[in-house]
Amino acid sequence: MRRDFCDGVGIARLLNATLVLPKFEVAAYWNESSGFADVFDVNYFIKRMNGFVKVVRDLPLQISSKEPYRVDCSKRKGQFDYIERVLPSLLKYHYISITPAMSQRRDRYPQYAKAALCQACYSALRLTKSLEKKATELLEAIPKPFLSLHLRFEPDMVAYSQCQYSNLSPTSMEAIEAARGDDRKPWTGEAACIWRKRGKCPLTPNETAFILQALCIPSNTNIYLAAGDGLMEIEGLTSIYTNVFTKSALLSGEDFKSMHGNTKAALDYYVSINSDSYMATHFGNMDKMVAAMRAFKGLYKTLFLSRRAFAEFTSEGLEGKQLTQALWKAHKDDFSNGRGSALPDCFCEFKL
C-alpha cells in the first residue's frame, strides 16, 4: 500500500499531474474498509508535498461524478513509458486511475520525480495522531530489547502460492482450500518440487522457528509478531519461542477492536521500523519499505529469511546439525541495509 502510493506520487510528478488522495482496495477477507484518512495525517501530507506535487482531497463535482479512465500500467517501467503511453490518456480524459507496476525503474526517473517520491515516503506520510498514539502505546508495551518478526502464513497467502504442505492441522487445510478457489490449484509432482526450490512457498511458523534457532536466536528472545489476524499454525513458533507478543494481546479497548486491516498493518509497520531488529519470512512491499525506513533511521539489523535456501537444503535431505549449519552459512552475510530495496537515491539531499 505505502510503496504503491509512493510510486503513484512519483508518476504524478512525471506527468505533471494533480494527485487525488487514493482509495484503498476493499478486501472482504481482511474485513477491510479503512481509507487514506483513517491511516495517514492528510493535512500534514498535503503541506509536506507542497512544491513537489499538487495534492487535493477531492475532485470538483463535474469530474468526480464520472468514473476515472483506468490505465493498465502493469508493463510500464521507466519515465518515457509513462510520458508516451499514459500522458495521452490523462490529456484526453483529464481523470485517470492507475496502479503502479511492480517493476518500476525508479532509478531512471529524473531527479525532480525522485525527489517527490522520496519526500512522500520518508517525510510526508505520517500516521494520524490517534493511530500514532496507539502505535506508541504498543511500542512501549513490548519488553525490550525485542525482535519484530513479519510472519506470513495466512490462508490466502498459502493459497496464492499454489504450494502443498503436509502435517498441517485439519483446520488450516480447510481454510487453505476455502481460499484457493478454482484458479489456484496447488502444483503437483515434479512441478511442485521445482516451484518450492525457487523459494515460492511461504515458511510455516515451525520452519521459521527452526531457522531462527539455526541463526542462534535464543528461545527467550522477546519477539513482536507482526502478522495478520488469520495467521495459521502459530503454535509451531510459540512452542519454541515463548516470549511472543501480539498487538491484540498488548492493546485493549473498543477502538482497537474496531480497527481494520490497514490500520492494524500501520501499527505493525510503526513497531517494525522502531524495533531493535527486524526479520521477515517474505520479501513483500511492507518488508521492503520497513528495510528502507530502518536504513534511513540508521537501523541495520534487518534480515529476510531465505525460503529458497530452506527448500534447497531440505530437498537435498539435510537435517539436524547439517541443516542448521547450512542455514547459518546461507544467512550470515545476508543482512539487508535497506538502501535501494524500496526507493533509490532517497538517502541523498536534493536541491530543486
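- Looking only at side-chain heavy atoms (C-beta outward), Leu237 and Leu225 come within less than 4.5 Å of each other.
- The cluster map of Ile, Leu, Val, Met, Phe, Trp and Tyr, joined by side-chain heavy atoms under 4.5 Å apart, puts Phe80 and Leu90 in different clusters.
- Nearest heavy atom pair, residue Gly8 against residue Leu19, reads O-CD1, 4.4 Å.
- Of the inter-residue distances, the one linking Ile98 atom CD1 with Leu15 atom CG reads 7.0 Å to the nearest 0.5 angstrom.
- For the atom pair CZ of Arg152 and OG1 of Thr281, the computed distance is 8.0 Å after rounding to the nearest 0.5 Å.
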Item to check | Residue pair Phe304, Phe283: steps toward the ring pair (Phe, Tyr, Trp, His ring centres under 6.0 Å) verdict | outcome: CA-CA 7 Å; Phe304 298 106; Phe283 193 54; 4.7 Å; yes

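- Contact record, Cys201 with Arg196: CB-NH1, 3.6 Å, taken as the closest heavy-atom pair.
- Using a 4.5 Å cut-off on side-chain heavy atoms (C-beta onward), Asn243 and Ile223 make no contact.
- Between the Gln119 side chain and the Met49 main chain, no donor and acceptor come within less than 3.5 Å of each other.
- Met157 and Leu168 are assigned to two separate hydrophobic clusters, defined by single-linkage of ILVMFWY side chains at heavy-atom distances under 4.5 Å.
- The pair Lys301-Asp276 does not count as a salt bridge, with every side-chain nitrogen at least 4.0 angstrom from each carboxylate oxygen.
- Of the possible polar contacts, none joining the Thr263 side chain to the Met259 backbone as a donor-acceptor pair under 3.5 Å is found.
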Next on the checklist: If you apply the rule side chain to side chain donor-acceptor pair (under 3.5 Å), what do you find for Glu233 with Ser172, and how did you get there?
Outcome noted: CA-CA 7 Å; Glu233 305 290 317; Ser172 296; 2.5 Å; yes

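- Relative ring orientation between Phe210 and Phe310 is described as perpendicular, the plane-to-plane angle rising above 60° on a 0-90° scale split at 30° and 60°.
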Checklist entry - Could you walk me through whether Thr171 and Ser169 pass the side chain to side chain donor-acceptor pair (under 3.5 Å) check? => result CA-CA 5 Å; Thr171 301; Ser169 69; 4.7 Å; no

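- In terms of modelled atom types and a separation under 3.5 Å, the side chain of Glu312 and the main chain of Ala309 share no donor-acceptor contact.
- In this structure, OG1 in Thr208 is found 10.5 Å from OH in Tyr241, a value given to the nearest 0.5 Å.
- No chain of hydrophobic side-chain contacts below 4.5 Å, direct or via other Ile, Leu, Val, Met, Phe, Trp or Tyr residues, connects Leu59 to Tyr93.
- Residue Ser252 comes nearest to Lys134 through the heavy atom pair O-NZ, 4.0 Å, listed as atom of the first residue, atom of the second, then distance.
- Between the side chain of Gln162 and the main chain of Lys185, a donor-acceptor pair closer than 3.5 Å is present.
- Remark: Glu154 CD to Asp229 CG distance equals 9.5 Å, nearest 0.5 Å.
- The closest side-chain heavy-atom distance from Leu138 to Tyr270 is not below 4.5 Å.
- Closest of all the heavy-atom pairs between Cys6 and Ala120 is SG-C, 4.5 Å.
- Listed by chain and number, the residues in a salt bridge (charged side-chain N to carboxylate O under 4.0 Å, His left out) with Glu316 amount to none (sequence neighbours excluded).
- Atom CZ of Arg198 sits in a sparse spot, with 12 or fewer heavy atoms from other residues, nucleotides or ligands closer than 6.0 Å.
- Contact check for Thr242 versus Val244: no side-chain heavy atoms found under the 4.5 Å cut-off.
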Checklist entry - Step by step, would you call Arg308 with Lys197 a side chain to side chain contact (heavy atoms under 4.5 Å, CB included)? => result CA-CA 6 Å; Arg308 174 176 289 184; Lys197 286 182 181 180; over 6 Å; no

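- No side-chain heavy atom of Leu250 sits less than 4.5 Å from a side-chain heavy atom of Glu137.
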Next on the checklist: Pair Leu21, Val55 - check side chain to side chain contact (heavy atoms under 4.5 Å, CB included), show working.
Outcome noted: CA-CA 7 Å; Leu21 292 180; Val55 183; 3.8 Å; yes

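- Side-chain heavy atoms closer than 4.5 Å link hydrophobic residues (I, L, V, M, F, W, Y) into clusters, and following such links, even through other members, never connects Val20 to Tyr69.
- The shortest side-chain heavy-atom distance between Met293 and Cys121 does not fall under the 4.5 Å cut-off.
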Show every donor-acceptor pair shorter than 3.5 Å between a side-chain atom in residues 211-218 and any protein atom, with sequence neighbours excluded, or say none if there are none.
none

Donor-acceptor contacts under 3.5 Å from residues 141-151 side chains, at least two apart:
residue	atom	partner	partner atom	Å
Lys144	NZ	Leu139	O	2.6
Lys144	NZ	Ile142	O	2.6
Ser148	OG	Ser272	OG	2.8
His150	ND1	Asp287	OD1	2.6

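- Other residues, nucleotides and ligands contribute more than 12 heavy atoms inside 6.0 Å of the CG atom of Asp183.
- Defined by atom type and a distance below 3.5 Å, a donor-acceptor pair is present between the side-chain atoms of Ser275 and Arg294.
- One finds the CG atom of Leu305 at 9.5 Å from the CG atom of Leu327 (value rounded to the nearest 0.5 Å).
- At distances below 3.5 Å, at least one donor-acceptor pair connects side-chain atoms of Arg307 with backbone N or O atoms of Gly199.
- Heavy-atom neighbours of Glu67 CD from other residues, nucleotides or ligands within 6.0 Å: at or below the threshold of 12.
- Using a 4.5 Å cut-off on side-chain heavy atoms (C-beta onward), Phe40 and Arg126 make no contact.
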Checklist entry - Can you list the steps and then say if Arg2 with Leu125 is a side chain to side chain contact (heavy atoms under 4.5 Å, CB included)? => result CA-CA 9 Å; Arg2 188 185 185 103; Leu125 285 176; 3.6 Å; yes

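- A pairwise comparison of heavy atoms in Ala292 and Tyr122 identifies CB-OH, 3.1 Å as the closest pair.
- No side-chain heavy atom of Ser161 sits less than 4.5 Å from a side-chain heavy atom of Lys200.
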Next on the checklist: Between Leu87 and Tyr82, does the side chain to side chain contact (heavy atoms under 4.5 Å, CB included) criterion hold? Intermediate values first, please.
Outcome noted: CA-CA 6 Å; Leu87 183 57; Tyr82 285 100; over 6 Å; no

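- Using a 30° and 60° split on the angle between ring planes, Phe36 and Phe45 fall in the perpendicular class, above 60°.
- Asp38 places a side-chain N or O within donor-acceptor distance of the main-chain N or O of Gly35, the cut-off being under 3.5 Å.
- By the rule that hydrophobic residues join a cluster once side-chain heavy atoms approach within less than 4.5 Å of another member, Ile83 and Tyr109 end up as members of one cluster.
- Under 4.0 Å is where a charged nitrogen must lie from a carboxylate oxygen, and between Lys129 and Glu132 no such pair does.
- The nearest pair of heavy atoms linking Phe313 to Ala330 is CE1-CB, 4.0 Å.
- Between the CD atom in Gln164 and the SG atom in Cys193 there is a gap of 9.5 Å [rounded to 0.5 Å].
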